[in-house]
A.B. asks: 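One structure coming up, written as structure tokens, with questions to follow.
Chain naming here is simple, since letters A, B, ... match the order of the sequence lines and numbering starts at 1 in each. All values derive from a computational prediction rather than experimental measurement.
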Amino acid sequence: MVDVAQDLLSKLVVRRTAGVTCVGRIVEVEAYLAAHDSACHAYRGRTRKNRTMFGSPGKLYVYPIHARYCMNAVTQPVGVASAVLIRAVEPVAGLSTMRERRGTDRLLDLARGPARLCQALQVDRRLDGWDLTRGARIWIAGDATPSPRMRLSPRIGVTSNQSARLRFFVDRSPYVSGPRRFHSQDR
DNA sequence: AAAACGATCTACT
DNA sequence: GTAGATCGTTTTG
């Protein structure tokens, strides 16, 4: 699970909408660990809102927060409600479209933050439950980029289980949201 | 039907 | 660094 989160770092999120393809390199993620993690949306059991997390792996879990949306990849077998929150990507392609959607020209503000990147990639709740392995609309792609140096820290914005270091981010990337200080070892 | 709640963002010192 | 805005969704009466 943690290894899945770490493996997502430096992979690409590809988002295809009518006539436009936007791509971002993942530079920051957080892991949420089902039953053992009081900060996980699924901690208190299955509901309509978190049902995607309880489903099969490889699905997109989109949830609303503070009038915005954030996206996760479901990672574990059916019934184990773990997911990886994608917190920030480095814009790689489709930048002009991302600027339009975000309403800013500032490169660093395009996709630095979980709700910002959803806005830049035009992801909302209609994509909740989408199959990321389908290779359409939105999916994850690898590339030949060598594994970056990775840092760990507590997760951002959670009010419980703050001692867990389940935030992973690319060392020295300017596209990481929140504090870039780290509390632990690299990979 | 009303109120409360955020895994946040923006603008401003 | 932080106060205030924000609004879709869930929870409560």
A.B. asks: Do you know which of A:R116, A:R167, A:R151, A:R112 makes salt bridge (Lys or Arg N to Asp or Glu O under 4.0 Å) with A:E28?
C.D. replies: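 Running salt bridge (Lys or Arg N to Asp or Glu O under 4.0 Å) over A:R116, A:R167, A:R151, A:R112 with A:E28 returns exactly one hit, A:R167.
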A.B. asks: For the pair made of CG in A:N161 and P in B:dA7, what is the distance, rounded to whole Å?
C.D. replies: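 Taking atom P of B:dA7 as the reference, CG of A:N161 is at 13 Å.
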A.B. asks: Measure from CZ on A:R106 to P on B:dA11 and round the result to the nearest Å.
C.D. replies: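 A:R106 atom CZ is separated from B:dA11 atom P by 11 Å.
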A.B. asks: In residues 59-91 of chain A, which ones come under 4.0 Å of DNA chain C, going by heavy atoms?
C.D. replies: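 Result for residues 59-91 of chain A: A:P64, A:H66, A:A67, A:Y69, sorted by number.
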A.B. asks: Rounded to the nearest Å, what distance is computed from the CD atom of residue A:Q119 to the C1' atom of nucleotide B:dT8?
C.D. replies: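 Checked: the CD to C1' distance equals 12 Å.
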A.B. asks: Name the residue from A:V80, A:V84, A:D37 that meets the side-chain contact (heavy atoms from CB on, under 4.5 Å) definition with A:M1.
C.D. replies: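 By the side-chain contact (heavy atoms from CB on, under 4.5 Å) criterion, A:M1 pairs with just one of A:V80, A:V84, A:D37: A:V84.
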A.B. asks: Select from A:K49 and A:R116 the residue whose nearest nucleotide in DNA chain B is closer to the 5' end of that strand.
C.D. replies: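 Final value for this comparison: A:K49.
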A.B. asks: With a 3.5 angstrom cut-off on both distances, give the Watson-Crick or G-U wobble partner of C:dT6, or none if there isn't one.
C.D. replies: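 Checking every strand shown, C:dT6 finds no partner, since no pair has both distances under 3.5 Å.
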A.B. asks: I need the single residue from A:L117, A:L107, A:V89 that forms a side-chain contact (heavy atoms from CB on, under 4.5 Å) with A:Y175. Which is it?
C.D. replies: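 Among A:L117, A:L107, A:V89, the one that satisfies the side-chain contact (heavy atoms from CB on, under 4.5 Å) with A:Y175 is A:L107.
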A.B. asks: Nearest whole Å is fine: how far is B:dT10 P from A:L110 CG?
C.D. replies: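 Result: 11 Å.
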A.B. asks: Do A:L110 and A:Q119 come within less than 4.5 Å of each other through their side chains, counting heavy atoms only?
C.D. replies: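 A:L110 does not reach A:Q119 side chain to side chain.
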A.B. asks: Using a cut-off of 4.0 Å on non-hydrogen atoms, how would the nucleic acid contact of A:R102 be classed: base, sugar-phosphate, or nothing?
C.D. replies: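 The answer is sugar-phosphate, as A:R102 gets under 4.0 Å only of primed atoms, P, OP1 or OP2.
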A.B. asks: Just the endpoints, please: which first and last nucleotides of DNA chain C, 5' to 3', lie under 4.0 Å from a heavy atom of chain A?
C.D. replies: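 The contacted stretch runs from C:dT6 to C:dT10.
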A.B. asks: Among A:V123, A:I138, A:V23, whose side-chain contact (heavy atoms from CB on, under 4.5 Å) with A:V13 holds?
C.D. replies: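 For A:V13, the side-chain contact (heavy atoms from CB on, under 4.5 Å) test succeeds with only one of A:V123, A:I138, A:V23, which is A:I138.
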A.B. asks: Distance check needed: B:dG6 P versus A:R155 CZ, whole Å only.
C.D. replies: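 So the CZ-P distance, A:R155 to B:dG6, works out to 15 Å.
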A.B. asks: B:dA7 pairs with which nucleotide, Watson-Crick or G-U wobble, both distances below 3.5 Å?
C.D. replies: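 Pairing partner, where one exists within any strand: none, as none qualifies.
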A.B. asks: About how many Å separate CG of A:L166 and CG of A:L85, when rounded to the nearest 0.5 Å?
C.D. replies: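 Output value for this atom pair is 11.5 Å.
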A.B. asks: When rounded to the nearest 0.5 angstrom, what is the spacing between CZ in A:R126 and CZ in A:R137?
C.D. replies: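 Nearest 0.5 Å value for the CZ-CZ distance: 8.5 Å.
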A.B. asks: Contact class for A:A39 vs. all strands (heavy atom < 4.0 Å): base, sugar-phosphate, or nothing?
C.D. replies: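 Base, at least one base heavy atom under 4.0 Å.
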A.B. asks: Does the Lys NZ or Arg CZ of A:R155 fall within the cation-pi geometry relative to A:F168 - under 6.0 Å from the ring centre and within 45° of the axis?
C.D. replies: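 The answer is no; the distance or angle limit is not met.
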A.B. asks: Any non-hydrogen side-chain atom of A:C118 less than 4.5 Å from a side-chain atom of A:M71?
C.D. replies: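 Contact flag for A:C118/A:M71 side chains = yes.
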A.B. asks: Rounded to the Å, how far apart are A:N50 CG and B:dC5 C1'?
C.D. replies: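 In whole Å, B:dC5 C1' lies 16 Å from A:N50 CG.
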